[in-house]
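These values consider heavy atoms only, across backbone and side chains, with no hydrogens, waters or symmetry-generated copies. Numbered from 1 within each chain, the chains take letters A, B, ... in sequence-line order.
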Amino acid sequence: MTPTMDLYQRLLEHFGPQKWWPAETRFEMMVGAILTQNVNWNNVETAIDNLKKEGCLTPMSIWEIEKAHLEELIRPTGFYRQKAARLKRLSRCVLENGGVDHFLRQENLRDALLEIKGIGPETADSIALYAGDRPIFVVDAYTMRIVKRAFGFEGSYDDVQDYFQNTVPTDIEIYKEFHALLVRLGKENCSKRSPVCDGCPVNPLCLLRKPSASIF
DNA sequence: GGCCAGGTGTAAA
DNA sequence: TTTACACATGGC
């Protein structure tokens, strides 16, 4: 049992399955991945609702809608001018590649996503994993913070991604659930300044403590 | 009022 | 290769 899988087991036992990604369609998932960039998911839900009411959750509708109108619909997610442009670029790329299913089926999906301006490593990996069903481990700010505090591991995005991909079985369902659980833990126990899981010297509730020293 | 949120692109050191 | 900054709204 690797330390990462040990953590996975304890997170799963404590929080239960998170069933990510929360979206009705693959394209909605892709839109959500861009909208959630550096923003609370609550804000994203508001924007997704706005898009749904406008019937604007298809590549064609996003490509065709007036930019200013799109900006208003996604305003709650912040950075709305940038994100509107990113959604339009993504939609155009999807349309040029034969639609959502065909786009997601292409060989080097991750690289194709990274070529789209406004889609960086985390967004590309999220889409590749949750919409494209590729065995790629998603790294986000919570993941970085948690591996540093739990395992003393620090590194670049690629370093941390390798760290997980080398210690977790190559299993899409585990990858999906693990990332969701890390976000859950991050939100509840690993805020930026909260000392709750910072080495866990005292707090008996911290999930990052070793089992022997934990109430779990 | 200040901090934080499921990042990314650009420019400068 | 790393660091700083702009991008912007909403919850606590």
Side-chain angles (χ1 to χ4, degrees), chain A residues 7-8 11-12 15 17-23 26 28-51 67-93 110-132 134 136-150 154-162 164 172 174-198 207:
Chain A
L7 175 61
Y8 174 72
L11 288 174
L12 189 59
F15 290 119
Q18 303 298 297
K19 313 283 189 184
W20 271 24
W21 187 287
R26 292 182 192 275
E28 181 184 325
M29 183 277 139
M30 297 162 79
V31 169
I34 285 179
L35 294 183
T36 198
Q37 290 171 348
N38 205 41
V39 160
N40 192 302
W41 183 257
N42 289 332
N43 298 30
V44 178
E45 287 189 325
T46 307
I48 296 271
D49 286 344
N50 291 343
L51 292 170
K67 178 104 183 305
H69 188 190
L70 180 59
E71 290 174 355
E72 284 312 304
L73 296 175
I74 66 171
R75 179 185 271 272
T77 66
F79 309 121
Y80 56 88
R81 279 186 274 266
Q82 286 187 352
K83 287 177 180 176
R86 290 171 186 183
L87 288 178
K88 277 186 169 288
R89 281 194 290 266
L90 171 67
S91 297
R92 182 178 48 140
C93 190
R110 184 178 196 265
D111 292 333
L113 286 162
L114 287 174
E115 282 178 18
I116 301 171
K117 187 177 166 189
I119 293 186
E122 183 184 335
T123 307
D125 289 341
S126 296
I127 293 173
L129 175 62
Y130 291 102
R134 309 304 172 92
I136 296 176
F137 201 94
V138 178
V139 176
D140 70 336
Y142 287 131
T143 309
M144 293 279 202
R145 199 180 301 157
I146 291 167
V147 292
K148 180 180 175 183
R149 295 179 183 183
E154 280 188 86
S156 66
Y157 184 100
D158 291 341
D159 293 336
V160 175
Q161 184 172 58
D162 289 342
F164 278 93
I172 294 170
I174 293 180
Y175 280 16
K176 286 182 177 177
E177 198 53 58
F178 204 161
H179 173 62
L181 285 164
L182 287 171
V183 172
R184 178 73 183 273
L185 173 67
K187 283 179 175 173
E188 298 192 13
N189 301 64
C190 270
S191 67
K192 239 178 193 173
R193 53 179 42 210
S194 164
V196 171
C197 66
D198 190 8
L207 288 168

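- A donor-acceptor contact under 3.5 angstrom links the side-chain atoms of A:K187 to the base of B:dG6.
- The C1' atoms of C:dC7 and B:dA5 are separated by 14 Å, rounded to the nearest whole Å.
- Listed here is the closest heavy atom pair of A:L182 and A:I146: O-CD1, 3.4 Å.
- For the salt bridge (charged side-chain N to carboxylate O under 4.0 Å, His left out) condition, the pairs that include at least one residue of residues 118-129 of chain A, sequence neighbours left out, are A:R110-A:D125.
- The side chain of A:N43 sits closest to C:dG10 out of B:dT8, C:dG10, B:dG6.
- Each of A:Y142 and A:L114 was matched to the nucleotide of DNA chain B holding its nearest heavy atom; the match closer to the 5' end belongs to A:Y142.
- A:A33 comes within contact range of no nucleotide atom at all, as no heavy-atom separation falls under 4.0 Å.
- Here the separation of C:dG10 from B:dT8, taken at their P atoms, is 22 Å to the nearest Å.
- When the P atom is compared between C:dA6 and B:dC3, the two are found 16 Å apart, to the nearest whole Å.
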- [ ] Heavy atoms under 4.0 Å is the rule here; annotate nucleotides 1-7 of chain C 5' to 3' with B where the base is hit, S where only the sugar-phosphate is, and - elsewhere.
- [x] ------B
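- At the phosphate of C:dG10, neither OP1 nor OP2 sits under 4.0 Å from any side-chain N or O atom of A:T77.
- Of all heavy-atom pairs spanning A:W41 and A:P22, the tightest one is CZ2-CG, 3.7 Å.
- Looking at the side chain of A:K117, the nearest of the listed nucleotides B:dA5, B:dG6, B:dT10 is B:dT10.
- Between A:E71 and A:R81 there is no salt bridge, since no side-chain nitrogen of the basic residue lies less than 4.0 Å from a carboxylate oxygen of the acidic one.
- You'll find the side chain of A:I119 stays beyond 4.5 Å of the side chain of A:R89, heavy atoms only.
- Contact detail for A:A47 and A:L35: the closest heavy-atom pair is CB-CD1, 4.1 Å.
- Spacing of C1' atoms, C:dA8 relative to B:dG2, comes out at 16 Å, to the nearest Å.
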